[in-house]
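Data first, discussion second: the structure below is written as C-alpha cells.
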Amino acid sequence: MSLDRTDPEGAIAEAAKACSNWGRWGEDDVLGTLNFLDEAKRREGAALVRRGVSFSLSQRFDMNGPQKGWRRRTNPVHTMLDTGTDAALGNQGFPHGIGGADDVVAMPLQCSTQWDGLGHIFDHGIAWNGRAAERVVTSDGDLVTGIEHMAPYVAGRGVLLDVARIFGADDGAPELPDGFAITAEHLTATAGAHGVSVGRGDIVLVRTGHLARARRDGWGDYAGGPAPGLSFTTAGWLHGTEIAAIATDTWGFEVRPNEFDDAFQPLHQVVIPNMGLLIGEMWDLDALAEDCAAEGVYEFWLTAAPLPITGAVGSPVNPIAVK
C-alpha cells in the first residue's frame with residue numbers, strides 16, 4: 001500500500017472499506033476480532049506451557065508513570081484509607097486486636113498498560129459494526145460495546161515479534177528510533193527470523209524498545225510524543241492475518257509522527273471502528289523478549305483480561321505470559 005502524505009482522508013476511507021469486518025459476526029456483535037480466538041485456539045495456547053515460567057507484561061501503576069496531562073490523563077493516585085498506624089493506635093474499632101489496611105486508586109483507565117476497547121475510537125461519527133457513535137457511547141459510558149464484554153475471552157496463544165531485535169540500531173541496541181514505521185514486511189521478516197507463525201486468533205505483541213529507552217533516559221514525551229510504531233500500511237496485514245488482538249510497548253501503537261502531513265492516529269481510525277481490532281498499548285515486553293531470545297521460542301500462553309468495568313471504553317490490564 002502506497003501513501004499519499006497529503007490525503008489522509010482518502011487513505012483512511014480506502015483502508016476502512018478494504019478492511020471492514022462490519023456484519024462479519026452479526027449485527028449485534030460486541031467482540032470484533034476476539035471472535036477469532038475460539039476454544040480450539042485457546043487450547044492451542046494452553047499447550048504451549050512447558051517450563052511454567054511467567055512474565056508480567058504490565059508497567060507499575062503509580063505516580064511515577066508516563067502521563068503528562070494530555071486529555072486530562074494523569075498517573076494513578078494511590079491513597080490509604082486505613083493503615084497500620086490506625087491499627088496500632090486502636091482507632092479502627094475492631095474486637096480482639098484485629099486490624100487492617102484499606103486503600104483506593106484513582107486513575108484514567110488508559111494511563112498505563114491497557115486495552116483500547118471498541119468504543120474508544122470512531123470514524124466520522126460511526127462506531128464498531130456501523131453503529132452511530134452517539135448511540136453507543138454516552139455520558140453513561142459505552143452502552144453497547146463496553147469493555148466488560150471482552151473480560152472472559154482474552155486468553156490464548158501469544159506471539160512476540162521483537163522487531164527491535166531484528167531491525168534495531170547497528171550498535172546492537174535492541175531498540176527502534178522514534179519515527180520508525182514498522183511495515184508488514186518488517187513484521188513478516190521478524191516472524192521468519194524468530195521461527196514463529198502469525199495467524200488467526202493469535203494475540204500479537206510487537207516490541208519496539210521504546211519503553212526500554214524511556215526507562216533509561218526518562219519518560220520525556222513517551223506519552224504522546226514521537227515513537228516507533230506500526231505503519232498505516234499494515235492495515236491490510238492486520239486484517240488479512242485475522243489476529244485477535246495486538247499490543248505494543250508504545251503509547252500509541254502506530255508510528256508517531258504519523259505518516260501523513262496532517263493526521264492524528266489514522267490507523268486507529270481504521271482498525272478499531274472498522275476492523276474491530278483489540279489494541280493494547282504501553283505493555284512491558286522487555287523481560288519476555290530476553291527470555292524468548294535466550295530460549296529461541298517466541299510463542300506462549302497469554303492471558304490479558306480487561307477489568308470488567310461496565311461501560312468502559314478501555315481498561316488497565318496485567319497481562320501474564322507463561323512459557
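Numbering of residues begins at 1 and proceeds along the displayed sequence.
- One finds a salt bridge joining Arg157 and Glu299 here, because a Lys/Arg side-chain nitrogen approaches an Asp/Glu carboxylate oxygen to under 4.0 Å.
- Taking a cutoff of 4.0 Å between a charged side-chain nitrogen and a carboxylate oxygen, Arg131 and Glu27 do not qualify as a salt bridge.
- Here Asp29 does not pair with Arg24 in a salt bridge; the nearest charged N to carboxylate O distance is not below 4.0 Å.
- Shown here for Asp162 and Ala289, the closest heavy-atom pair between the two residues is OD2-CB, 3.5 Å.
- Salt bridge status for Glu175 with Arg216: present, with a side-chain N to carboxylate O gap under 4.0 Å.
- Residues Asp221 and Lys68 are paired through a salt bridge, judged by an N-O separation under 4.0 Å between the basic side chain and the carboxylate.
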Applying side-chain contact (heavy atoms from CB on, under 4.5 Å) to His268 and Phe253, what does each step give before you reach the verdict? CA-CA 8 Å; His268 274 67; Phe253 160 70; 3.7 Å; yes
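- Within a 6.0 Å radius of CZ in Arg51, more than 12 heavy atoms belonging to other residues, nucleotides or ligands are found.
- For Asp262, the CG atom counts as loosely surrounded, since its 6.0 Å shell holds 12 or fewer non-hydrogen atoms of other residues, nucleotides or ligands.
- Between the side chains of Asp142 and His120, no donor N or O sits under 3.5 Å from an acceptor N or O.
- No hydrogens or angles considered: a donor-acceptor pair under 3.5 Å links the side chains of Thr208 and Asp249.
- Checked for salt-bridge contact, Lys41 and Glu44 meet the test: a charged N lies under 4.0 Å from a carboxylate O.
- Inter-residue side-chain proximity for Glu295 and Lys323 is flagged as met; some heavy-atom pair is nearer than 4.5 Å.
- Arg256 places no side-chain N or O within 3.5 Å of a backbone atom of Gly229 that could act as its donor or acceptor partner.
- Taking 4.0 Å as the cut-off between side-chain N and carboxylate O, Arg43 and Asp38 do not count as a salt-bridged pair.
- Aromatic rings of Trp219 and Trp251 (six-membered ring for Trp) have centroids beyond the 6.0 Å cut-off, not under it.
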